[in-house]
Amino acid sequence: MSTPIDSRSILVLGAGELGMPVIRNLARMANNRGATISVMLRNALIESPLPEKRAVIDEIRSLGVALVPGDLVKATVDELAELFSRYDTVIGCAGYAAGLDTPMKVARAAVKSGIPRYFPWQFGADFDAIGRGGPQDLFDAQLDVRDYLRAQSAMDWVVISTGMFTSYLFEPEFGVIDLANRSVHALGSGANSVTLTSPDDIGVMTAQIMFHSPPIRNEIVYLAGDTIRYEELPEILEEHFGEAFSYSVWSTPQLMQELADDPSNMIKKYRAVFAQGKGVSWDKDLTFNVKAGAKLEGIRDWMKTNLKAS
């Protein structure tokens, strides 16, 4: 495209852990910019009688955001393209639950629709730095999307790399921080680092990136609430909880063997790729949020808000 687009008619795909913070912050900023926000959701969710689903739909409506029925998994490229063509910007917040093939289908639909600007679901690791053929096959699919977007010139794109959602580091199933047993397991090496950003902060920064002047186009934008080494975690946790945490390292060969024994296990894929230490962390000082002077939530701040000290 010869000139970058100012986003004025925006469609968000999904309203989950990341989608809702993005929707809230886009709606807040849109009021002063003459922009309209819509969100595409499955009809079953829009019409669900379940109280927790109703609460989401009620909040979306209270924000002045339009609800658009659609199904990323079931719809064809042509059907999605027709729907996307009503907007000037589409932002993917549906996550990996939509399946391995969906990111490319949505990217193809975005290009075919003729929209000027697309933010793909690429929130997370730096897939370029990780490279192809790693333990997590989803990341190869994301690289396919990047290659496809870079090869075309009909549409601007923006990728937002956020690192791991801060909350995921504390997921019991992931196993890095085991609060129940007061233990920490480093992935690959204690010196390996991981970048963490909370979904709420990602929502705030995504809105700022969306409405940035001059418009950001055809680049990867990095965010970081914190970048920490695994060997720092015991002290951080002990400081918060006031009790000792044990510490050990899950070596890369160990994690790769565990994955080989259970090759479809998503958690084991993530552990193995993070153990390799490539593309999962970056210098916080080089991020968009630091350059913009935005104060994001570090791991200690997140723990104070979300974890009760004993």
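The first residue in the sequence is number 1, and the count goes up from there. All values reported here derive from a predicted model rather than from experimental measurement.
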Backbone of [Y] reached by a side-chain donor or acceptor of [X] within 3.5 Å:
X    : Y    : result
N43  : P69  : no
S62  : E59  : yes
D140 : G133 : yes
E47  : A44  : no
H185 : G175 : yes
N25  : A207 : no
R54  : I46  : yes
Q257 : Q254 : no
S85  : S113 : no
D226 : I299 : yes

State the [atom1]-[atom2] distance between [X] and [Y], to the nearest 0.5 angstrom.
X    : Y    : atom1 : atom2 : result
S167 : N306 : OG    : CG    : 8.0 Å
I10  : D88  : CD1   : CG    : 7.0 Å
Q276 : T252 : CD    : OG1   : 6.5 Å
L13  : L83  : CG    : CG    : 8.5 Å
I160 : I220 : CD1   : CD1   : 11.5 Å
L26  : Q208 : CG    : CD    : 11.0 Å

Lys/Arg-Asp/Glu bridge criterion (N-O < 4.0 Å) met for [X], [Y]:
X    : Y    : result
R117 : D156 : no
D137 : R132 : no
K295 : D301 : yes
R182 : E238 : no
K74  : E79  : no
R146 : D126 : yes

Exercise. For E297 and T197, run side chain to side chain donor-acceptor pair (under 3.5 Å): C-alpha distance rounded to whole Å, both residues' side-chain angles, the deciding distance at 0.1 Å, then the answer.
Key: CA-CA 7 Å; E297 196 174 48; T197 316; over 6 Å; no
Looking at every heavy atom in both [X] and [Y], which two are closest together, and how far apart are they?
X    : Y    : value
Y87  : P116 : O-CD, 4.5 Å
L72  : L80  : CD2-CD2, 4.0 Å
I202 : F165 : CD1-CE1, 3.5 Å
W121 : C93  : CE3-CA, 3.8 Å
S183 : F245 : N-CD2, 3.5 Å
A107 : V145 : CB-CG1, 4.1 Å

Exercise. Applying side chain to side chain contact (heavy atoms under 4.5 Å, CB included), run through V280 and M164 and close with a yes or a no.
Key: CA-CA 8 Å; V280 295; M164 185 188 293; over 6 Å; no
Is it true that atom [atom1] of [X] has more than 12 heavy atoms of other residues, nucleotides or ligands lying nearer than 6.0 Å?
X    : atom1 : result
E173 : CD    : no
E235 : CD    : no
K105 : NZ    : yes

With a 4.5 Å heavy-atom cut-off, do [X] and [Y] have their side chains touching?
X    : Y    : answer
P120 : L149 : yes
W282 : S161 : yes
V184 : D178 : no
L187 : N192 : no
T227 : L196 : no
I209 : H212 : no
L11  : V39  : no

Exercise. Report the C-alpha separation of L255 and E258 in whole Å, then their side-chain angles, then the decisive distance to 0.1 Å, and conclude whether the side chain to side chain contact (heavy atoms under 4.5 Å, CB included) test is met.
Key: CA-CA 5 Å; L255 294 171; E258 290 178 4; 3.8 Å; yes
Quiz item: Can the ring centroids of F174 and Y270 be said to lie less than 6.0 angstrom from one another?
Solution: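 Ring centroids of F174 and Y270 are no less than 6.0 Å from each other.
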Practice problem: Kindly state whether the ring of W157 and the ring of Y118 have centres lying under 6.0 angstrom apart. | Solution: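 No, too far apart.
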Applying the 4.5 Å side-chain criterion to the ILVMFWY set and letting contacts propagate, would [X] and [Y] be lumped into a single cluster?
X    : Y    : answer
V77  : F84  : no
M256 : L138 : no
V73  : M104 : no
L169 : I236 : yes
L233 : L307 : yes

Quiz item: Pick from K269, R271, K268: which one makes a salt bridge (charged side-chain N to carboxylate O under 4.0 Å, His left out) with D262?
Solution: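 With D262 as partner, salt bridge (charged side-chain N to carboxylate O under 4.0 Å, His left out) holds for just one option, K268.
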Practice problem: Identify, with sequence neighbours excluded, every residue that meets ring pair (Phe, Tyr, Trp, His ring centres under 6.0 Å) alongside F170. | Solution: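 Per chain and number, F170 pairs via ring pair (Phe, Tyr, Trp, His ring centres under 6.0 Å) with W302.
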Self-check item: Donor-acceptor pair between S7 and T89 side chains, under 3.5 angstrom
Solution: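 Judged by distance alone, the side chains do pair up.
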Quiz item: Does the side chain of T195 pick up a donor-acceptor pair with the side chain of S281 at under 3.5 Å?
Solution: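 There is no such pair (donor and acceptor under 3.5 Å, judged by atom type) between the side chains of T195 and S281.
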Exercise. Any chance you could lay out the side chain to side chain donor-acceptor pair (under 3.5 Å) test for N289 and T287, step after step, and finish with the verdict?
Key: CA-CA 5 Å; N289 49 282; T287 59; 3.1 Å; yes
Self-check item: Trace of the side chain to side chain donor-acceptor pair (under 3.5 Å) decision for D283 with Y222
Solution: CA-CA 9 Å; D283 185 344; Y222 292 89; over 6 Å; no
Quiz item: H240 and R300: side chain to side chain contact (heavy atoms under 4.5 Å, CB included), yes or no, with the steps?
Solution: CA-CA 8 Å; H240 181 80; R300 289 177 174 85; over 6 Å; no
Self-check item: From CA spacing to verdict: salt bridge (Lys or Arg N to Asp or Glu O under 4.0 Å), D128, R150
Solution: CA-CA 12 Å; D128 292 306; R150 286 167 170 151; 2.8 Å; yes
Quiz item: Can you check side chain to side chain contact (heavy atoms under 4.5 Å, CB included) on V159 and V221, steps first, answer last?
Solution: CA-CA 6 Å; V159 163; V221 182; over 6 Å; no
